[in-house]
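Step one of this worksheet: look at the structure below.
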Amino acid sequence: MPELPEVETTRRGIAPLIVGQPIEDFIIYHPQLRWPVCQSLPTRLQNQTVQSCKRRGKYLLVGFDKGYQMIHLGMSGSLRHVSAGQPLEKHDHAEWRLPGVRIVYNDPRRFGAILWHDKADGPIEQHPLLSRLGVEPFSDEFTVQTLIKGFKNRRQAVKNTLLSGQIVVGVGNIYASEALFKAGINPQAPAGSLSAYRLTRLHQAIVDTLQAALEAGGSTIRDYLNATGEAGAYFELHAQVYDREGQPCPRCQRPIKRIVQAQRATYFCSHCQRH
DNA sequence: AAATGATCCTGAGAGC
DNA sequence: TGCTCTCAGGATCATT
């Protein structure tokens with residue numbers, strides 16, 4: 001499941017291959033993703049030079065003169081760099097061809113998306129899918145104050161607030177459990193109930209957790225491939241609580257609990273993580 | 001307004 | 001072995 005570190009790893013993998021190069025062909029094999037891939041995109045992109053390859057939250061933003069391709073990997077999406085003549089695989093839905101380079105979008109569960117944002121419709125930051133996102137966790141904008149202000153008066157469970165991406169982006173289901181464990185905070189605690197001290201710990205835990213995953217090359221559960229088609233490092237092997245129901249807490253040895261919050265599995269230690 | 005629930009989809013794993 | 005069933009998960013949209 002691509003979370004922010006996986007998306008960033010993908011971005012770093014493909015950016016050097018595509019920036020400054022013209023799109024010779026953009027081919028849609030199967031437009032049925034979360035939203036249908038716009039059928040006029042191949043024509044629109046042909047001979048357009050890739051100006052940039054950025055990321056906002058979990059969206060990859062491939063910049064052109066006239067707009068951006070917005071790519072989301074959903075739950076099971078990946079981009080891989082394939083060589084000429086290499087056959088397609090199951091669930092390959094689209095392909096970019098640049099001089100000497102083929103990038104293929106694969107997504108078994110098709111929760112991902114490939115969209116077009118035209119510059120004529122305004123700055124990319126104001127796109128409806130991006131405009132309400134929280135701050136980037138690796139930017140200077142993300143401080144303890146971000147959490148203090150963002151969580152204020154929220155009665156929602158802190159795990160759900162983190163997952164919403166409205167305060168800080170990039171904390172998906174796996175890393176939410178991990179960061180809260182690291183910070184010693186019960187995932188069910190109302191976001192607005194946490195002291196400044198505890199939010200200081202949470203801020204540090206989020207940065208540390210995402211940074212560690214990024215350095216590991218992006219975590220994965222089972223079906224993530226990085227930009228070169230290599231399997232990512234298996235971060236969950238290093239997970240302290242995620243997917244470890246019943247196993248001993250690394251800190252106190254009591255069994256880790258699994259609960260469901262907003263229809264998502266949460267793993268935590270009820271002894272080490274307090275309200 | 002804020003919070004929760006349904007929903008898209010496929011593959012893996014469990015259970016029979 | 002093979003069938004059926006459940007579950008996982010990001011993020012939007014609908015509903016309470």
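All chains are named by letter (A, B, ...) in the order of the sequence lines, taking the proteins before the strands, and each is independently numbered beginning at 1.
dG10(C) has its base stacked against the ring of F111(A), the centroids being under 5.5 angstrom apart at an interplanar angle below 30°.
Counting to the nearest Å, the P atom of dT10(B) and the CG atom of D92(A) are 15 Å from each other. Per the geometry, CD belonging to Q32(A) stands 15 Å off C1' belonging to dT10(B), to the nearest Å. With rounding to whole Å, I71(A) atom CD1 is found 17 Å from dG10(C) atom C1'. Rounded to an integer number of Å, the gap from CG of L73(A) to C1' of dC9(B) is 16 Å. Taking atom CD of Q261(A) as the reference point, atom P of dA11(C) lies 17 Å away to the nearest angstrom. Rounded to a whole Å, the CZ atom of R56(A) is 15 Å from the C1' atom of dA11(C). Protein atom CG of L130(A) is 15 Å distant from nucleotide atom C1' of dG10(C), rounded to whole Å. A straight line from CD of Q166(A) to C1' of dA3(B) spans 10 Å, rounded to a whole angstrom.
Among the protein residues, L129(A) comes within range of the sugar-phosphate backbone only, with heavy atoms under 4.0 Å from sugar or phosphate atoms but none that close to a base.
At the phosphate of dT10(B), neither OP1 nor OP2 sits under 4.0 Å from any side-chain N or O atom of K90(A). The shortest distance between the side-chain N/O atoms of R110(A) and the OP1/OP2 oxygens of dT10(B) is below 4.0 Å. For dA11(C), one of the phosphate oxygens OP1 or OP2 lies less than 4.0 angstrom from a side-chain nitrogen or oxygen of H72(A). At least one side-chain nitrogen or oxygen of Y59(A) sits closer than 4.0 Å to the OP1 or OP2 atom of dT12(C). The phosphate of dT4(B) has neither OP1 nor OP2 within less than 4.0 Å of any side-chain N or O from Q263(A).
Comparing dA3(B), dT12(C), dT10(B) against the side chain of R34(A) picks out dT12(C) as the nearest. Out of dT10(B), dG10(C), dT4(B), the shortest distance to the side chain of R109(A) is found at dT10(B).
A salt bridge is defined here as a Lys NZ or Arg NE, NH1 or NH2 lying under 4.0 Å from an Asp or Glu carboxylate O, and R56(A) with E125(A) fails to meet this definition. Salt bridge status for E8(A) with R12(A): present, with a side-chain N to carboxylate O gap under 4.0 Å.
Because its NZ or CZ atom is not both nearer than 6.0 Å to the ring centre of F26(A) and within 45° of the ring axis, R44(A) does not count as a cation-pi partner of that residue.
One can find a donor-acceptor pair under 3.5 Å joining the base of dG10(C) and the side-chain atoms of R264(A). With hydrogens and angles left out, the side chain of R155(A) and the base of dA3(B) share no donor-acceptor pair within 3.5 Å.
With rounding to the nearest 0.5 Å, the separation of CD1 in I206(A) from CZ in F142(A) is 4.0 Å.
When only modelled atom types and interatomic distance are considered, T266(A) and Q261(A) share a side-chain donor-acceptor pair under 3.5 Å.
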